[in-house]
Amino acid sequence: MNASTLRQGHWFKQLPATLQDSLLHLARPVSLEAGACLFQRGDPPCGLYAVLDGAIRIGAVSAQGKEAVLTLIEAPHWFGEICLFDDQPRTHDAYAEGATHLLRVPQGALVKLLDAQPRYWREFALLMSHKLRLAFVALEQQSLMSAAPRVAYRLLQIAAGYGEVEGARRVLQLSQEQLALMLALSRQTTNQILKALEQDGVLRLSYGEIEILDPARLALMANPAGTATG
């Protein structure tokens, strides 16, 4: 198990050492091929997951076949905690985006641990509340911001690992289509915005990849009025 990868993430790193050790002891490795399903909407709870390598696409498909992508979960993020709290079925689909390696802490074993050590519940509540804050920001932006600032802001979020890691990446393994689906924008609109940013020297685009060349200018575009987003 690659504990060093997990300790690069803020959530796992700040856990008590005893809880870190317990999670690693209970965890089992899971490997998925590209496109493989981890779980689907409506599936029973199956535990908590951490991404070690690759990415998991979280989304859903409507009855009409229209896909919505909420996010791509990359290392060292943990996910699946909602079902830990309510023991209800999975809310969305999870598929491997490329070959992906995970750790899985089974639901039953984790509940047993928390029954024995109830003080640890707060740590999992913090994991969920961080994502809830991100969701509220995304909802606000979708209502109040035009497409271009939303694109810029989401690129910066992805680069910063949604606040889970130190520093920021410059190269994102992300297609224009995936970005469009995350933001509920048309692919044409997203492509036009990205092409304009490339022409301005802010980004460099290649197949399945977006490189941020000028994060400062991208930040200005994401928050042109200087308003708070947290």
Exercise. Are any of the side-chain heavy atoms of Arg133 and Tyr162 separated by less than 4.5 Å?
Worked result: no
For this session: Take Asn191 and Lys195, measure what side-chain contact (heavy atoms from CB on, under 4.5 Å) needs, and give me the verdict at the end.
Result: CA-CA 6 Å; Asn191 179 263; Lys195 287 293 187 183; 3.7 Å; yes
Problem set entry | Test side-chain contact (heavy atoms from CB on, under 4.5 Å) applied to Leu72 and Ile158, Val51, Leu174, Leu172, the passing residue | Leu174
Problem set entry | Flag side-chain contact, heavy atom, 4.5 Å: Leu32 against Ile56 | yes
Exercise. Counting only N and O atoms by type, is there a donor-acceptor contact under 3.5 Å from the side chain of Arg28 to the main-chain atoms of Pro106?
Worked result: no
Exercise. Is there a path of hydrophobic side-chain contacts, each under 4.5 Å between heavy atoms of I, L, V, M, F, W or Y residues, that connects Leu52 with Leu110?
Worked result: yes
Exercise. Does Leu218 reach the side chain of Asp214, with side-chain heavy atoms less than 4.5 Å apart?
Worked result: no
Exercise. Does one hydrophobic cluster hold both Leu48 and Ile58, with members joined at side-chain heavy-atom distances below 4.5 Å?
Worked result: no
For this session: Please check if atom CZ in Arg119 has more than 12 non-hydrogen atoms from other residues, nucleotides or ligands closer than 6.0 Å.
Result: yes
For this session: Spell out, as yes or no, whether a donor-acceptor pair under 3.5 Å connects the side chain of Asp200 to the backbone of Val202.
Result: no
For this session: Give the C-alpha distance, both sets of side-chain angles, the deciding distance and a yes or no for side-chain contact (heavy atoms from CB on, under 4.5 Å) between Leu194 and Leu179.
Result: CA-CA 10 Å; Leu194 293 174; Leu179 182 61; 4.1 Å; yes
Would you mind writing out the side-chain donor-acceptor pairs for residues 10-19 within the sub-3.5 Å range, not counting sequence neighbours?
from, atom 1, to, atom 2, distance (Å)
Trp11, NE1, Glu123, O, 2.8
Gln14, NE2, Trp11, O, 3.0
Gln14, NE2, Glu123, OE1, 3.2
Thr18, OG1, Tyr120, OH, 2.6

Problem set entry | hydrophobic_cluster_shared for Leu70 and Tyr153, side chain cutoff 4.5 Å | no
Problem set entry | Non-hydrogen atoms of Gly35 and Tyr95 that approach each other most closely | O-CD2, 3.4 Å
Exercise. What distance separates Cys37 SG from Arg57 CZ, expressed to the nearest 0.5 Å?
Worked result: 9.5 Å
Exercise. Can Lys131 and Glu81 be counted as an ion pair, charged N to O under 4.0 angstrom?
Worked result: yes
Exercise. Just by distance, do the side chain of Thr189 and the backbone of Leu185 share a donor-acceptor pair under 3.5 Å?
Worked result: no
Exercise. For Leu102 and Phe79, which heavy atoms make the closest approach, and how far apart are they?
Worked result: CD2-CE2, 4.2 Å
Problem set entry | Interatomic distance, Asp43 atom CG to His92 atom NE2 [nearest 0.5 angstrom] | 13.5 Å
For this session: May I ask you to check whether over 12 heavy atoms, not counting those of Arg169, lie within 6.0 Å of atom CZ?
Result: yes
For this session: Mind checking the CD-CG spacing from Gln142 to Leu144? Nearest 0.5 Å is all I need.
Result: 10.5 Å
Problem set entry | Separation of Leu155 CG from Met182 CE (nearest 0.5 Å) | 9.5 Å
Exercise. When you measure from the side chain of Glu198 to the backbone N and O of Leu205, does any donor-acceptor pair fall under 3.5 Å?
Worked result: yes
Seminar exercise, completed: On a heavy-atom basis, the closest approach of Ala55 and Glu74 is CB-CG, 3.8 Å
Exercise. Can you tell me how far the OG1 atom of Thr190 sits from the CD atom of Gln188, to the nearest 0.5 Å?
Worked result: 10.0 Å
Problem set entry | Main-chain N/O of Gly161 paired to His77 side chain as donor or acceptor, under 3.5 Å | yes
For this session: For the pair Arg170 (side chain) and Ala168 (backbone), establish whether a donor and an acceptor sit closer than 3.5 Å, ignoring hydrogens and angles.
Result: no
Exercise. Would you call Val171 and Ile212 a side-chain contact if the rule is heavy atoms closer than 4.5 Å?
Worked result: no
Exercise. Same cluster for Leu181 and Leu134 if Ile/Leu/Val/Met/Phe/Trp/Tyr side chains link at under 4.5 Å?
Worked result: yes
Exercise. Got a donor-acceptor contact below 3.5 angstrom from the Arg150 side chain to the Leu183 backbone?
Worked result: yes
For this session: Work out which heavy atom in Gly98 is nearest to a heavy atom in Thr100; give both atom names and the distance.
Result: O-OG1, 2.9 Å
For this session: State, to 0.1 Å, how close Arg90 and Pro44 come at their nearest heavy-atom pair, and which atoms those are.
Result: CG-O, 4.3 Å
For this session: Give a yes-or-no answer on whether the side chains of Gln40 and Asp93 include a donor-acceptor pair shorter than 3.5 Å.
Result: no
Exercise. Side chains of Arg7 and Gln20: is there a donor and an acceptor less than 3.5 Å apart?
Worked result: yes
For this session: Check the hydrophobic clustering (I, L, V, M, F, W, Y; side-chain heavy atoms under 4.5 Å; chains of links allowed) and say if Trp78 and Trp121 are grouped together.
Result: yes
Exercise. Any sub-3.5 Å donor-acceptor pair from Thr71's side-chain atoms to Ile73's backbone N or O?
Worked result: no
Seminar exercise, completed: Of all heavy-atom pairs linking Cys46 and Phe39, the shortest is SG-CD2, 4.1 Å
Problem set entry | Distance-only polar pair, side chains of Glu97 and Gln178, donor-acceptor under 3.5 Å | yes
